[in-house]
Amino acid sequence: ILICPGKRPLNQFITYLDKFNKNRFLVFFVNPANHIQFYNTIINKCDKIFTPKIVNDKKHIWIPYFHYLCMDEKYICNKDYSFKINNLNLKEKTKFMCNNPISTPYKQLLKILDKFKDEDIHIYGGKNMYPYFKKYGEKFKGNMNFIKMKAGHYKEKSLNKTAVFKEYKYILVIENCFEYGGFTEKLIDCLGCLSLPVYFGAKNPEKIMPELFKNGVINGFNFKNDDELIKYLKNMSEKEYISRINTIKKYRDHYFSYFG
């Protein structure tokens, strides 16, 4: 069983797999679309591939998306998200939209973000994203002063997000993986600031988080095109906005318990 991907050269994996002629299993914990060169090179060297990507053939077997922050005890420090905001203050929502910080230049993420380039949006990401975000000019706001991810410090990241996000009406959430079950802290952290997430990520999120996505979080993939979505956000009534926030507030603690 080969668990990957990693930072080792591809030829090392090929050399290893060539030593066997059957029962070669590949476990992909991430979306193969984000590592397409690795995937295309190694696929014919494997007999079975376990992956979050749904492929209708006999070689691929679906497994739930694995997110290390939910599994590693070193990172479980938010617990009940005690720093969450409990009272909605519409006057505080002085800015239209920002994105949950992006630190990996996957094409599918950048493509969605680029759809909002002409809107009143602030863009956040790590220093490594500057070559990709410099075209946005003053809309690129840096990395929210995030410290380097390490054990015990994830709560500080969530605190920083809440402090920044609370000033925005909408938070654009783009996951690294668009496969079924691919939820991460990118969505969960946004529930603490009482801003409305616009979600691009796991397929059919309404099946996994029905309470949140029914009159709460907006699934961006449900709109025919970008113009329809942007028009909907701009024309949303105050009554609907408050109703959606109240839905999030009502059910968020249930999901905090999974990502704490």
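A quick note: this is a predicted structure, and the numbers were derived from the prediction, not measured. Atom set for the values below is all heavy atoms of this structure, side chains included, hydrogens, waters and symmetry mates excluded.
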If the threshold is 4.0 Å, N to carboxylate O, is there a salt bridge linking Lys250 and Glu211?
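Salt bridge absent between Lys250 and Glu211.
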
What are the two closest heavy atoms between [X] and [Y], and how far apart are they?
{"X": "Asn176", "Y": "Gln108", "result": "O-NE2, 2.8 Å"}
{"X": "Glu175", "Y": "Leu109", "result": "O-CD1, 3.4 Å"}
{"X": "Ile245", "Y": "Leu194", "result": "CD1-O, 3.5 Å"}
{"X": "Ile174", "Y": "Lys186", "result": "O-CD, 3.5 Å"}
{"X": "Lys59", "Y": "Asp47", "result": "CG-O, 3.7 Å"}
{"X": "Ile121", "Y": "Cys98", "result": "CG1-CA, 4.1 Å"}

Kindly assign one of parallel, tilted or perpendicular to the pair Phe96 and Tyr170, based on the angle between their ring planes and the thresholds 30° and 60°.
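Plane angle over 60°, so perpendicular.
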
Proximity of Tyr199 and Phe183 rings by center, below 6.0 Å
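When the ring centroids of Tyr199 and Phe183 are compared, they turn out to be within the sub-6.0 Å range.
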
Would a line drawn from the ring center of His122 to the ring center of Tyr168 be shorter than 6.0 Å?
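Close enough - the centres of the two rings lie under 6.0 Å apart.
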
With a 3.5 Å cut-off and no angle check, do the side chains of [X] and [Y] form a donor-acceptor pair?
{"X": "Ser195", "Y": "Lys166", "result": "no"}
{"X": "Asn222", "Y": "Tyr232", "result": "no"}
{"X": "Asn143", "Y": "Lys127", "result": "no"}

Is Lys203 close enough and on-axis enough to Phe221, meaning under 6.0 Å and within 45°, for cation-pi?
no

